[in-house]
Amino acid sequence: MNYVVRLNKRLNAEFTGRVEARESDGCLLLEGKLENWNDIVRAGNLAVHFRKKDTRLFLRNLQKDSRLGGVVNNIRLDAGKQSDEARRPMRVPAIHDKALEGQRPDVLVIGGGVSGCTIARELSRYKLDILLTEKEHDLAKHASSRNDGMVHPGYDLHKGSWKHHYNLLGNALYSRLCEELEVDFDRRGEFGCFSKPLFKPILYLVLLYWKWLGVPAQVVGKKALRRLEPGLKDDLVYAVSFPSTGVVCPYNFTIACGENAVQNGARISLDTAVLNMETNNGKIIAVQTNRGTVFPKLVINAAGVFADDIAAMAGDRFFSIHPRRGSNSILDKKYSRLLVRTGAAKVDIASKSAHSKGGGVIFTIHRNTLVGPDAVETPEREDFSVTRESIEGTIKKFTATCPQLNSGQLITCFTGIRAPTYEEDFVVCKGRRCANLIHAAGIQSPGLTAAPAIAIDVARWAVEMLEAAGQMVPPNKTFNPVRKRIPHISAMNDEERSAMIHHNSNYGVILCRCEEVSKGEIIDSLRRPVPCDTVDGVKRRVRSGMGRCQGGFCGPLVMQIIAEEKGIPLEKVSKSGGESQILCGPTKVHA
Ligand SMILES: Cc1cc2nc3c(=O)[nH]c(=O)nc-3n(C[C@H](O)[C@H](O)[C@H](O)COP(=O)(O)OP(=O)(O)OC[C@H]3O[C@@H](n4cnc5c(N)ncnc54)[C@H](O)[C@@H]3O)c2cc1C
């Protein structure tokens with residue numbers, strides 16, 4: 001019996017005839033109407049499950065065979081019954097001007113997350129007119145800042161998947177890249193801990209499996225674990241150490257890639273949302289944005305949770321994104337000693353869930369402890385709110401391995417939204433039905449790790465496609481991979497500080513006491529190649545306001561510097577762009 005028939009039987013049984021599956025143009029199309037978002041996701045997962053069983057269509061062939069698409073889930077949410085679950089439309093910037101009208105870039109990159117920025121940087125190795133459009137007021141505002149910052153070793157990934165392929169390559173690239181971009185990176189390793197001795201005999205087989213996957217791993221006994229990580233719970237009997245795990249600041253890395261791309265000739269247009277496309281004969285002819293219509297030769301889809309919408313605009317939707325929330329807590333630095341040597345630690349392998357590694361306790365690159373994330377399906381692609389349930393749930397879960405954790409140590413929390421497809425793999429390929437499109441889609445975890453490797457392939461294909469269309473693409477002879485960071489006074493020794501302050505006295509004025517950030521750093525952050533003019537933008541670049549007081553002390557001072565540097569009234573300074581002004585009128589001091 002054909003798998004579609006079997007699948008329809010099952011869908012019929014579960015959803016009483018309200019959902020139907022059929023094959024269309026190499027994709028598996030789901031149609032119907034359901035009242036509950038989780039049921040819609042369940043139908044998508046069932047579709048993949050039944051398809052996977054059909055050996056002809058085994059998932060690993062999916063992207064290697066251009067005739068095959070994925071599951072396209074068009075089941076509509078019956079908003080009448082649960083209107084709070086109806087998906088809200090994409091947030092679009094309020095700006096409407098003609099700043100980009102009529103431009104004809106060689107390559108248009110849609111999305112300023114880590115995928116888009118690493119791709120723009122790779123492309124800038126060639127003499128090309130590159131335009132990156134990002135709908136938010138800054139780079140890395142979606143998943144690329146709202147994640148754990150782990151450069152994963154890849155122990156939980158299936159060999160043959162794109163995730164595994166790009167994760168291994170990306171992990172290996174990080175040391176060199178972070179050196180070139182002057183971004184802090186620490187390959188501290190991580191521990192996967194076990195509390196049940198039962199697992200030990202099979203562990204050695206698993207080690208062989210990891211070797212086969214290309215993931216370095218070693219078993220660490222109880223005594224050694226206690227010595228290396230005294231903060232972990234006593235009942236952990238042993239751990240597996242993954243020495244290739246690293247930690248990085250995800251938004252610093254993304255912004256650094258964006259800055260380096262701009263230094264090498266790429267252009268970045270913030271507050272610019274792609275709204276629609278005009279296609280002709282399987283090619284994108286024009287791309288409409290809120291800042292005018294552009295006419296690119298080639299388009300790269302790196303739009304995160306909106307990547308399937310972009311694919312649909314280009315007539316090339318062969319996958320569906322089903323957003324999955326994940327919330328994390330950040331603890332006060334006072335408690336950063338919960339983990340000592342390894343710093344980055346994924347704790348308790350038993351916590352792994354079906355489609356996520358299960359979160360962990362992580363010692364971030366900035367020496368905070370981060371706890372989470374969880375994994376919750378949601379129809380909302382931009383709801384970054386945090387629930388008490390998520391935070392308490394993850395802290396409770398990880399006290400099982402790190403007993404000193406408690407919610408009183410928390411200084412802030414955040415939510416990120418992953419962008420998985422139903423196949424739970426990356427979609428990194430040339431367009432199936434659109435000749436001048438490349439997708440870097442479905443980039444859920446470990447997308448931060450994989451991005452530099454994905455970017456190399458995407459840039460190579462872009463050059464091949466442009467050359468095949470008759471354009472000469474010479475290398476950019478002036479390409480410089482090095483990007484200089486903003487100096488951090490807190491990381492300097494006395495001699496270095498004194499030299500820095502001698503050179504620029506603003507570095508002697510400390511404005512953020514929690515994180516020890518000077519006025520000089522704040523001013524520098526406002527003069528970088530990618531524009532920054534908001535309190536959050538400064539915070540993400542130099543960490544003012546990231547400490548225990550969360551900007552209570554330095555916030556007004558940062559606002560004042562922004563107003564002076566940008567020549568705008570204080571009440572026009574915004575938290576994160578758009579309508580997020582902090583003051584509603586002149587203050588006593590500045591009236
Ligand atoms: C909670 C959580 C924890 C994670 N932890 C890790 C980890 O530790 N290690 C790891 O390797 N990975 C991790 N990930 C995954 C990683 O964060 C993502 O895979 C990665 O950031 C995806 O980057 P991206 O550029 O593809 O997408 P995004 O960062 O989402 O960027 C897409 C961008 O496109 C823009 N955009 C969308 N539509 C349009 C449009 N129409 N016009 C213009 N712009 C548009 C968006 O505004 C957005 O900025 C985690 C993810 C989450 C959510």
Side-chain angles (χ1 to χ4, degrees), residues 89-93 108-120 132-154 157 163 166-167 170-171 174 190 245-248 250-251 253-254 257-258 269-277 287-291 299-310 313 321 323-328 344 346 356-357 359-360 362 364 370 372-376 381-382 384 386 390 394 413-420 426-428 439-452 454-455:
M90 181 179 86
R91 282 201 310 252
V92 174
L108 174 72
V109 181
I110 305 173
V114 71
S115 303
C117 290
T118 48
I119 290 168
L132 182 149
T133 54
E134 166 53 55
K135 77 184 188 75
E136 303 295 341
H137 191 67
D138 200 353
L139 298 175
K141 291 286 279 184
H142 282 205
S144 298
S145 59
R146 299 167 172 278
N147 64 50
D148 293 33
M150 285 183 83
V151 174
H152 289 301
L157 304 173
K163 277 188 186 177
Y166 286 118
N167 188 89
N171 179 305
Y174 258 87
E190 75 175 297
T245 301
V247 276
V248 72
Y251 41 90
F253 179 73
T254 304
C257 290
S269 183
L270 300 172
D271 291 313
T272 307
V274 166
L275 304 174
N276 213 343
M277 291 181 192
V287 176
Q288 284 137 28
T289 79
N290 55 314
R291 314 201 67 176
V299 174
I300 292 171
N301 174 10
V305 285
F306 293 105
D308 54 349
D309 288 350
I310 296 291
M313 289 177 201
I321 304 287
R324 192 183 291 136
R325 291 164 59 88
S327 297
N328 273 307
K346 154 77 174 61
S356 114
K357 282 200 322 12
I362 294 153
T364 72
L370 182 147
D374 55 356
V376 180
R381 300 182 181 215
E382 294 181 283
F384 300 118
V386 183
S390 274
T394 45
C413 40
F414 63 87
T415 293
I417 305 191
R418 306 170 182 90
F426 298 156
V427 179
V428 181
H439 299 285
I443 312 293
Q444 59 161 317
S445 192
L448 173 68
T449 313
I454 293 174

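Just so we're clear, the structure is a prediction, and the values are computed from it rather than from any experiment. Every number for a ligand or one of its atoms is a count from 1 in the order of the listing.
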Student: Check if Arg325 has a non-hydrogen atom at a distance under 4.0 Å from any atom of ligand 1.
Tutor: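 No, Arg325 has no heavy atoms under 4.0 Å from ligand 1.
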Student: Only heavy atoms of Gly149, strictly under 4.0 Å: list the atoms of ligand 1 that pass.
Tutor: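 Once the distances to Gly149 are compared, the set is 8 (O).
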Student: For ligand 1, indicate whether the residue Ala302 contacts it via side chain, backbone, both or neither (heavy-atom separation under 4.0 Å).
Tutor: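 Contact part for Ala302 vs ligand 1: backbone (N, CA, C, O).
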Student: Is Arg324 touching ligand 1 with its side chain, its backbone, both, or neither, if touching means heavy atoms under 4.0 Å apart?
Tutor: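 Neither; nothing of Arg324 gets under 4.0 Å from ligand 1.
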Student: Does Thr254 have a non-hydrogen atom less than 4.0 Å from ligand 1?
Tutor: no
Student: Is Ala303 touching ligand 1 with its side chain, its backbone, both, or neither, if touching means heavy atoms under 4.0 Å apart?
Tutor: both
Student: Nearest heavy-atom pair of Asn290 and Leu275: which atoms, and what distance?
Tutor: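 Shortest heavy-atom contact: N-CD1, 3.7 Å.
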Student: For ligand 1, is any non-hydrogen atom under 4.0 Å from Leu275's backbone (N, CA, C, O), its side chain (CB onward), both, or neither?
Tutor: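 Neither; nothing of Leu275 gets under 4.0 Å from ligand 1.
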Student: Polar-atom distance check: Asp148 versus ligand 1, any N or O pair below 3.5 Å?
Tutor: yes
Student: In terms of atom number and element, which parts of ligand 1 are under 4.0 angstrom from non-hydrogen atoms of Ser115?
Tutor: 23 (O), 24 (P), 25 (O), 26 (O)
Student: Is it true that Lys135 and Glu382 have a side-chain N and a carboxylate O under 4.0 angstrom from each other?
Tutor: yes
Student: Do the side-chain N and O atoms of Asp374 and Thr394 include a donor-acceptor pair separated by under 3.5 angstrom?
Tutor: no
Student: Would Ile362 count as a contact residue for ligand 1, given that I'm defining contact as a non-hydrogen atom of the residue lying under 4.0 Å from a ligand atom?
Tutor: no
Student: Around atom 43 (C) of ligand 1, find the nearest protein heavy atom and jot down its residue, atom name and distance.
Tutor: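 The closest one turns out to be Thr272 O, 3.3 Å.
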Student: Using side chain to side chain contact (heavy atoms under 4.5 Å, CB included) as the criterion, list what pairs up with Asn147, not counting sequence neighbours.
Tutor: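 Scan of Asn147 (side chain to side chain contact (heavy atoms under 4.5 Å, CB included), adjacent residues dropped) gives Pro250, Leu448.
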Student: Please write down residue, atom name and distance for the protein heavy atom closest to atom 11 (O) of ligand 1.
Tutor: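 The protein heavy atom lying closest is Thr449 OG1, 2.7 Å.
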Student: Write down the atom of Val114, the atom of Ser144, and the distance for their closest heavy-atom approach.
Tutor: N-OG, 2.7 Å
Student: Can you name the salt bridge (charged side-chain N to carboxylate O under 4.0 Å, His left out) partners of Arg381, sequence neighbours left out?
Tutor: Asp308
